[in-house]
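Keep in mind it's a predicted model, so treat the numbers as computed, not measured.
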Amino acid sequence: MTTPEQTTGQPDPGPSGYAAARLRLLHEKTRPGPPRRAALARLTDDWLHALFTAAVREVGVQGAALVAVGGYGRGELSPRSDLDLLLLHDGGSDTSAIAALADRVWYPVWDLGLALDHSVRTTAEARKTAGQDLKVQLGLLDARHIVGDPAPTAALRTAVLADWRNQAPKRLPELDELCRERAERQGELQFLLEPDIKEARGGLRDATALRAVAASWLADAPREGLADARRALLDVRDSLHLTTGRATDRLALQEQDGVAADLGVEDADELLRQVYEAARTVSYASDVTWREVNRVLRSRAARPRFRALLGGSRPAPERTPLAEGVVEQDGEAVLARTARVDRDAVLPLRAAAAAAQSALPISPYVVRRLAAAHPLPTPWPAAAREEFVTLLGAGEPTVDVWEAFEAEGLITRLIPEWERVRCRPQRNAVHTWTVDRHLVETAVAASALTRRVSRPDLLLVAALLHDIGKGLPGDHSEAGAPVARTVALRIGFDRADADVVAALVRHHLLLVETATRRDLDDPATVSSVAEKVESLSTLELLHALTEADALATGPAAWSAWRGSLVTDLVGRVAAALAGKTPAAPRPVVTSAEQERLAVEALRTGGPVLSLHAQPQPPQGDDEPEPIGVELLIALPDRPGVLPAAAGVLALHRLTVRAADLRVVELPTALGDACDVLLLSWRVAAAYGSLPQATRLRADLVRALDGSLDIRSRLAEREAAYPRRRGTQAPPPRVTVVPGSSELATVIEVRAQDAPGLLHRIGRALEEAAVRVRSAHVSTLGANVVDTVYVTRADGALHTEGEASTVAKMVEEALRG
């Protein structure tokens, strides 16, 4: 028995025939992308054509049509796309007949489980609704006739387009505001680790908005690369639908490997990079287009006033000089009429610097002309280097100018090494930006610090290049240093300056990592940093670069506490480099509060606690709520303090953000000395209110005397809560850091932050029978780096083998 599909070549008009044909199409590997979307739209058209034709015969309606709108109207059906359909009629048929016709079309769609966005309207009703609802009007701009009487469809298309163009001065600002509100909610597609391909800024919604602007005839988007970007995003969306089996547009972390494999992309990082490149193209086109829309609307609003003042003549545009060959016109930086792109190789950098210094956007048409300029010689002339540094030092306006140059390929032409970091994702929640945008943002942050250094030019260039080694094998700081030296020489710096830039790139993490993870009172710490930095001028630059890098990373990367630690370290290293006699180690008790606690602990023989809540600003008339706390604990030195204190904090649902443990010697009444442990904690309440100091102290006393089994209590809590879904974190890593101290063994723990982590570390150290001289906890987003200085129980140093054994025991305890 043959099927209708076998005899006619068309799919069976019944639901099962369409479903089978649709399934085969979606699993074909020979025509993904635009061909598959178009084929799916045609297949669906044929099925709906058959449904509608049969329904019209049954109910006897005349003058009706089935119209595809939105994405379906554009012929772009993804595997799980909604079917956006309009049943259009001329109003001449009975309403019950129209309802019956609609039911005969809608119900088969629902029966197949397809998502349907439907409406039934006359042409007049559709126009009225579009006039009231911008989203409806946008959908109707892509109206496409499927089946039925073509006259209503043609009339609707003509009317809707005419309405859109006539109402553009009113509707386009509404559309602009709609796009801005969506961007606020969804974020920037080109920087998100789990982006919404459709809704995030630079996604498919924005690409559709650009089509609507073009249809208004008021302005048009830069078309270079826009169609390819839109197609790339649609391809990712198709694959996401197929690999998940769901109508989702969010590219979640756990789906990225599957989507990459389906699209034949190397890995998830390369997939994200392609998504970011597409999003950047759409975002840039949106910026340029909306700027042009607003310029045209301002010009139209001002034209009647000028005509009244000047008797109808149109004034010539005002052109204000900005730099040689560069002027301002209509709120943009453009080229002067006398500018010679073909003879002035420095003109692109001079135009960029002038635009950024004036906080003006640079015209995309000008950038396109500048792309035809002759390349700069190697090394660059001094004028080019100076303009480049001026661009980097302009602050926030640098970003827009840089992106305009990026869109036309001028950045990689100036710095070929930039291609490796362009749109490169950073799979770390601490980072706000992609690698390339982070580098530009670091230069922006550094521009505010140039008054602190004697060579601001070297600071700005090093800020731009400090992560240039990302994407190369090995440590990015080591890999990036020779690359930065090469770029600095090409830019026109002499060898001595290029060496400084390379040193800044090589050591850009040195200060913050040392300050937050090492004991600054250990002479080896300061000596090690001084040997690497070598000069006071380099230290000065490195200090500013450290702050700029952290500020440009994200809110979790910098704080007053981190800044104070780095400043303290810089002061000590500066003294060493200046040849001054090292100051005596600072006393651990650095405040009256800490001294009072230490003395009280020595007097009572037990733990003494102090809580200092840090309130957030009040919201409205409400009182400020405490969101964090500084906790000081002092008690006579004894084994088990670190795991006990960390465990108590975990039981009270306090998350440790930073911690410092030190041993202090205090004189007793008998004249000898007694060791007192002083613990400084920076913690935050995971939820709920902060605990009382009296409860913390009571639990700490119980933990120390063994009546509170912290290990069991934490295990019970962990078992009571199911594990959250998410990507698998890498395993913890515990290493010995050789040569970091002459007084103790330095053990570094890198792990995923988790409740009770520090308690487990402390317990493992206790089981290893070591003495903790000091501990330094640094939490950055979901990752922690905990550094402990340990000796044998008698205070002697460990052998190399013993230190490795201790590290292995801690790592096994954390993995278990």
Side-chain angles (χ1 to χ4, degrees), residues 34 37 69-76 78 81 84 130 133-144 157 160-161 163-191 195-237 249 274-297 332 361-365 367-368 400 403-404 406-408:
R37 287 190 289 274
V69 297
Y72 183 26
R74 295 189 295 272
E76 297 172 343
S78 290
S81 290
D84 295 330
D133 190 328
L134 179 59
K135 293 180 180 179
V136 171
Q137 190 165 36
L138 293 175
L140 290 176
L141 290 176
D142 291 309
R144 178 174 60 83
R157 281 183 53 83
V160 166
L161 280 170
D163 291 344
W164 179 245
R165 287 162 185 160
N166 291 334
Q167 299 168 7
K170 173 188 173 185
R171 304 313 299 265
L172 286 181
E174 292 180 32
L175 179 57
D176 186 14
E177 183 61 27
L178 193 68
C179 293
R180 291 177 185 274
E181 290 175 356
R182 180 166 36 78
E184 284 292 324
R185 293 192 310 271
Q186 299 291 341
E188 292 262 7
L189 174 54
Q190 60 176 312
F191 303 125
D196 188 307
I197 300 296
K198 186 176 183 180
E199 300 291 339
R201 184 174 185 272
L204 292 169
R205 288 279 192 207
D206 280 334
T208 301
L210 292 177
R211 289 169 56 92
V213 174
S216 74
W217 290 354
L218 196 68
D220 198 5
R223 296 187 176 275
E224 187 69 29
L226 190 57
D228 290 340
R230 191 162 169 273
R231 182 166 57 247
L233 294 177
L234 285 168
D235 288 351
V236 172
R237 186 186 187 216
D249 298 317
Q274 292 182 11
V275 168
Y276 292 165
E277 287 176 342
R280 184 169 295 185
T281 299
V282 175
S283 293
Y284 176 69
S286 297
D287 290 341
V288 171
T289 300
W290 287 116
R291 192 165 71 237
E292 178 66 11
V293 167
N294 292 326
R295 187 192 67 78
V296 171
L297 292 179
E332 289 185 327
I362 189 165
S363 165
Y365 311 105
V367 179
R368 199 163 299 135
D400 290 339
E403 288 186 345
E406 185 86 89
E408 295 297 334

Over all heavy atoms of both residues, which pair between L297 and P173 is shortest? Give the atoms and the distance, please.
CD1-CG, 3.8 Å

Can you list the steps and then say if R171 with D163 is a side chain to side chain contact (heavy atoms under 4.5 Å, CB included)?
CA-CA 10 Å; R171 304 313 299 265; D163 291 344; over 6 Å; no

Does Q274 have any side-chain contact (heavy atoms from CB on, under 4.5 Å) partners at least two apart in sequence or in another chain, and if so, which?
V265, E270

Given 3.5 Å as the limit, does a donor-acceptor pair link the side chain of R237 with the main chain of D249, or not?
no

Nearest 0.5 angstrom please: R37 CZ to L234 CG, how far?
4.5 Å

Can you tell me how far OG1 of T289 sits from CG of D176, rounded to the nearest 0.5 angstrom?
10.5 Å

Write down the atom of A207, the atom of V282, and the distance for their closest heavy-atom approach.
N-CG1, 3.9 Å

Point-to-point distance, once rounded to the nearest 0.5 Å, from CG of L161 to CD of Q137
9.5 Å

To the nearest 0.5 Å, how far apart are CZ in R180 and CG in L175?
11.0 Å

Between CD on residue E403 and OH on residue Y284, distance to nearest 0.5 Å
9.5 Å

Pair E332 + R295, salt bridge at N-O below 4.0 Å
no

Can you name the closest pair of heavy atoms from A285 and L226 and give their distance?
CB-CD1, 4.0 Å

Working to the nearest 0.5 angstrom, can you tell me the gap between S216 OG and N166 CG?
11.0 Å

Do T208 and L138 come within less than 4.5 Å of each other through their side chains, counting heavy atoms only?
no

All heavy atoms of R182 vs all of D206, minimum pair found to be NH2-OD1, 3.1 Å

Verify, without hydrogens or angle tests, whether R230 (side chain) and L204 (backbone) share a donor-acceptor contact under 3.5 angstrom.
no

Does a side-chain heavy-atom distance below 4.5 Å link P364 with E292?
no

Check the pair L141 / V160 against side chain to side chain contact (heavy atoms under 4.5 Å, CB included), numbers first and verdict last.
CA-CA 7 Å; L141 290 176; V160 166; 4.0 Å; yes

Which of these, R201, E277, R280, sits in a side chain to side chain donor-acceptor pair (under 3.5 Å) with Q190?
R280

Taking all heavy atoms of D142 and all of R74, pick out the closest pair and write down the distance.
OD2-NH1, 2.8 Å

Quick one, P34 and D235 - any side-chain contact, counting heavy atoms below 4.5 Å?
yes

Got D196 and L189 here, is their nearest side-chain heavy-atom distance under 4.5 Å?
no

Does a sphere of radius 6.0 Å around CD in E184 hold more than 12 heavy atoms from other residues, nucleotides or ligands, not counting ones at 6.0 Å or beyond?
no

Looking only at atom types and distance, does a side-chain atom of W164 sit under 3.5 Å from a main-chain N or O of A212, one as donor and one as acceptor?
yes

What is the minimum heavy-atom distance between R157 and A143, and which atoms define it?
NH1-O, 2.5 Å

